[in-house]
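Reminder, nothing fancy here: chain letters follow the sequence lines and each chain counts from 1.
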Amino acid sequence: MSNSSRDKIRVRFAPSPTGKVHIGNIRTAIFNYLFARNAGGEFIIRVEDTDLERSTQDAIDKLFECMEWLGLDYDGELFYQSKHAEKHIAAAEELISKKRAYRPKQKVAGEKVPVLFRIPWDTDNNPLVQVVGDVEIVVHSEEEITISSSGISYAQVSKKRKPIPTAAALAGFHHLKIVDADENILFDLDDKIEAILENNESFSVTGAAKFAFERREVFFEDIIKGRLAKPLDTMKDLVIVRSDGSPVFHLANVIDDATQEVTHIIRGDDHVENTYRHLFIFQALEKEAPQYGHMPMIVNHQGKPLSKRDGDAFVGDFRDKGFLASALFNYLAFLGWSPGDEREKMSKNELIEAFSIERVLSSPAKFDGAKLANINGHYIAELATANFAEKIANFAKETERVEFTNWAESNSDQFCKVAELMQMRTKMLSDIDSWGYFYNSTIKYNEKDLKKTIKPELIPLLENLKAKLTNLASFADMEIDKALRETETESDLPEGRLNRPFRVVITGSGSGADLVTSAAIIGKDKVIARLENICKGA
RNA sequence: GUCCCCAUCGUCUAGAGGCCUAGGACACCAGGUUUUCAUCCUGGUAACAGGGGUUCGAAUCCCCUUGGGGAUGCCA
């Protein structure tokens with residue numbers, strides 16, 4: 001398979017549509033995407049919907065919505081794993097005929113049995129396997145040991161001397177000698193291996209004290225983590241076809257990766273242990289295995305993997321909360337990776353340009369919403385004003401903020417002014433929820449600010465201000481400012497003293513955007529009405 | 001239990017044996033700019049998990065300990 005079709009890098013994103021797309025999954029997609037695009041390779045999608053019971057069309061739709069939102073464009077035709085089940089089953093049959101897989105004996109006649117892949121016994125010249133050395137492990141002497149072609153079952157000894165049932169594939173126990181407490185050899189695997197493998201015989205041993213054998217390990221070079229290895233005596237034969245005839249993930253995954261000629265697999269850390277098995281399956285099928293890279297997971301503030309419990313771990317939720325796709329993309333790319341210089345804010349194209357798999361870290365990263373919000377603020381700040389206005393208008397519409405949408409559409413002049421005024425201080429699109437004072441006839445007062453700021457002795461001044469504002473011919477920034485200053489002067493107040501009270505009166509809160517501009521945008525009628533309301537109520 | 005992986009400020013990270021008195025960013029604190037608010041600017045607090053080696057020299061290499069995570073499904 002070393003033809004030209006393999007010269008081109010091809011990676012895949014292989015989500016299983018059993019729920020909403022998780023932030024961790026989409027980060028994996030982003031890294032794959034960046035890797036492929038950086039190398040001028042292909043980024044393809046495979047929908048792993050073999051678990052028909054839990055897969056839903058809705059989840060698939062949401063997935064593509066999120067990918068489009070983030071700008072994760074993919075190559076080629078969509079590949080639905082469920083449509084290739086025949087190929088998977090055929091591969092299983094091929095493995096059986098090659099004696100690389102088997103069906104276990106039925107316990108009762110007519111019982112449906114699965115197909116197991118055999119961890120290969122003959123590993124003498126296997127490039128995947130290396131000899132580690134001779135080892136001994138202690139076994140619990142009261143438990144019976146059984147040895148058959150499907151593996152060895154025995155019991156390890158816990159600290160409290162209790163038996164811990166353990167099963168392992170035969171392959172891990174070359175030159176196994178089972179001995180009792182007096183070092184008498186109870187069983188020598190070298191003598192029996194042919195009978196076990198060829199004639200399917202099985203043996204049992206009692207009263208054993210320990211195993212002595214040559215440990216071998218399966219290993220591979222991970223493009224992120226370096227050399228990774230696992231002792232064969234800790235591996236078990238694995239189910240590749242269920243008793244009901246459906247193919248299992250391990251089989252389907254390998255077959256599809258071979259079919260789609262995937263060259264590199266970048267996936268979560270949690271798949272490391274699967275990789276050893278997948279490598280064996282590729283080998284048994286005589287297919288070229290891809291390169292693997294395992295990236296660290298993202299964890300929450302407690303250091304636990306992000307889960308559904310964290311609530312905000314769904315990609316769509318980030319959009320609904322008012323994050324920009326570009327900001328999320330940027331932030332996620334920097335979780336477990338950095339360009340090595342001091343850049344922090346990078347566009348998709350800059351990320352593609354700078355990405356290198358070697359710079360991916362292998363330690364897990366905590367998700368920090370505050371930093372995301374900060375980045376988001378920067379992205380919002382640099383939007384052209386018109387673009388910002390359009391974004392929030394769309395956001396309001398998509399998230400069904402009806403009042404806001406009605407206002408924005410019927411008062412587009414005012415809306416544009418507000419957008420221009422508020423852009424610099426907007427961290428998330430959902431901040432528009434606090435813009436109500438610009439257009440609502442009644443406003444909510446922050447009780448604390450109100451109490452602290454509006455003292456009874458200020459009421460006459462506000463009355464005075466109201467009178468001045470009422471007489472204003474043009475309700476413009478400068479005029480409002482002048483009225484404010486005059487009111488202060490007439491009462492011997494220092495300049496600016498009335499700013500905060502006035503702000504609380506017209507916006508309901510002690511902090512906000514530029515005061516007189518805000519007042520001008522809110523408009524004469526509403527400002528006067530709010531002044532009146534406060535003066536009356538006090 | 002067993003196997004595997006990981007370990008630098010609170011967080012994301014820079015760091016490839018001497019450029020490290022450990023750099024940047026977020027967060028936090030203080031000051032300045034702003035007649036108000038925010039932005040912004042300046043400054044500050046803050047880390048190599050612990051212990052052994054190797055070396056003239058260790059955040060960096062090795063070992064152990066500790067802590068965290070993952071795997072151990074007829075889920076993916």
Side-chain angles (χ1 to χ4, degrees), chain A residues 14-18 48-51 53-55 81 112-116 137 155-160 162-168 217 222 225-226 228-231 233-236 238-250 252-253 267-274 276 294 296-297 299 301-305 331 334-345 359 361-375 377 381 421-427 481 484-485 488 494-504 507 509-516 518:
Chain A
S16 54
T18 55
E48 300 213 330
D49 55 347
T50 40
D51 190 347
E53 303 231 324
R54 295 197 300 145
S55 299
Q81 187 161 67
K112 294 203 166 176
V113 292
V115 177
L116 284 286
I137 57 179
Q156 290 177 296
V157 185
S158 78
K159 276 185 182 148
K160 291 176 184 165
K162 292 265 188 336
I164 304 164
T166 309
E217 65 181 15
D222 188 282
K225 289 175 182 287
L228 257 20
K230 183 180 173 67
D233 51 290
T234 63
M235 290 183 78
K236 273 192 276 191
L238 61 143
V239 172
I240 51 174
V241 180
R242 299 184 186 92
S243 326
D244 68 5
S246 61
V248 170
F249 158 74
H250 302 292
N253 207 258
R267 34 142 78 146
D269 243 346
D270 50 340
H271 280 294
V272 168
E273 313 257 338
N274 288 333
Y276 304 108
H294 290 91
M297 323 270 286
V299 297
H301 270 286
Q302 288 95 48
K304 303 281 175 197
Y331 178 71
F334 270 70
L335 241 34
W337 177 86
S338 71
D341 48 42
E342 291 194 338
R343 282 181 292 176
E344 298 263 351
K345 186 167 167 297
R359 289 196 60 84
L361 262 15
S362 45
S363 54
K366 275 188 187 141
F367 188 89
D368 181 8
K371 189 151 186 168
L372 209 209
N374 178 279
I375 293 175
L421 174 67
M422 299 300 280
Q423 181 174 1
M424 283 308 288
R425 51 197 310 128
T426 303
K427 285 254 177 287
D481 187 60
L484 228 27
R485 294 316 135 227
E488 284 160 350
E495 260 202 7
R497 190 60 227 297
L498 227 40
N499 279 333
R500 195 173 160 89
F502 184 50
R503 177 188 295 284
V504 172
T507 71
S509 154
S511 65
D514 181 74
L515 182 58
V516 290
S518 298

List the protein contact pattern of nucleotides 14-23 of chain B with one symbol per nucleotide (5' to 3'): B for base contact, S for sugar-phosphate-only contact, - for none; contact means a heavy-atom distance under 4.0 Å.
-> SS-------S
Kindly say whether, by distance alone, the side chain of A/Arg425 makes a donor-acceptor pair under 3.5 Å with the base of B/C37?
-> yes
What is the per-nucleotide protein-contact pattern of nucleotides 45-51 of chain B, from the 5' end, where B denotes a base atom under 4.0 Å from a protein heavy atom, S denotes such proximity for sugar-phosphate atoms only, and - denotes neither?
-> -------
Nearest of B/C74, B/C5, B/C12 to any side-chain atom of A/Leu228?
-> B/C5
Ring-on-base stacking between A/His271 and B/A76, under 5.5 Å between centres and under 30° between planes: is it there?
-> yes
Do A/Leu484 and A/Leu515 come close enough that some side-chain heavy atom pair is under 4.5 Å?
-> yes
Return the nucleotide paired to B/A14: Watson-Crick means purine N1 to pyrimidine N3 with N6-O4 or O6-N4, wobble means G-U with N1-O2 and O6-N3, both under 3.5 Å.
-> none
Donor/acceptor link under 3.5 angstrom from A/Asn253 side chain onto base of B/A76 | no
Where the side chain of A/Ile164 is defined as all heavy atoms beyond and including C-beta, which of B/G1, B/U11, B/C4 is the nearest nucleotide?
-> B/G1
Does OP1 or OP2 of B/A76 have a side-chain N or O of A/Arg242 closer than 4.0 Å?
-> yes
Both distances under 3.5 Å, Watson-Crick or G-U wobble: report the partner of B/U42, or none.
-> B/A30
Rounded to the nearest 0.5 angstrom, the NZ-CZ distance for A/Lys345 and A/Phe334 is 11.0 Å
Assign each of A/Leu515 and A/Ser363 to its nearest nucleotide of RNA chain B by heavy atoms, then name whichever residue's nucleotide is nearer the 5' end.
-> A/Ser363
Considering only heavy atoms and no angle criterion, is a donor-acceptor pair shorter than 3.5 Å present between the side chain of A/Arg497 and the base of B/U35?
-> no
Proximal nucleotide (of B/C74, B/C12, B/U35) relative to the A/Asn499 side chain | B/U35
Are A/Asp244 and A/Arg242 within salt-bridge range, i.e. N to O under 4.0 Å?
-> no
Of all the choices, B/C3, B/G73, B/C12, which nucleotide is nearest to the side chain of A/Lys236 once you look at every atom?
-> B/G73
Identified pairing partner of B/G67, criterion: Watson-Crick or G-U wobble below 3.5 Å = B/C6
Taking the side chain of A/Lys366 as its heavy atoms from C-beta onward, which of B/C12, B/G1, B/C26 lies nearest to it?
-> B/C12
Does any nucleotide pair with B/G1 by Watson-Crick or G-U wobble geometry, both distances under 3.5 Å, and what is it?
-> B/U72
Flag if over 12 foreign heavy atoms under 6.0 Å of CZ, A/Arg485 | yes
Starting from the 5' end of RNA chain B, give me the residue, A/Ser362 or A/Asp368, whose nearest nucleotide shows up first.
-> A/Ser362
Base of B/A27 paired with side chain of A/Lys371 (donor-acceptor, under 3.5 Å) | no
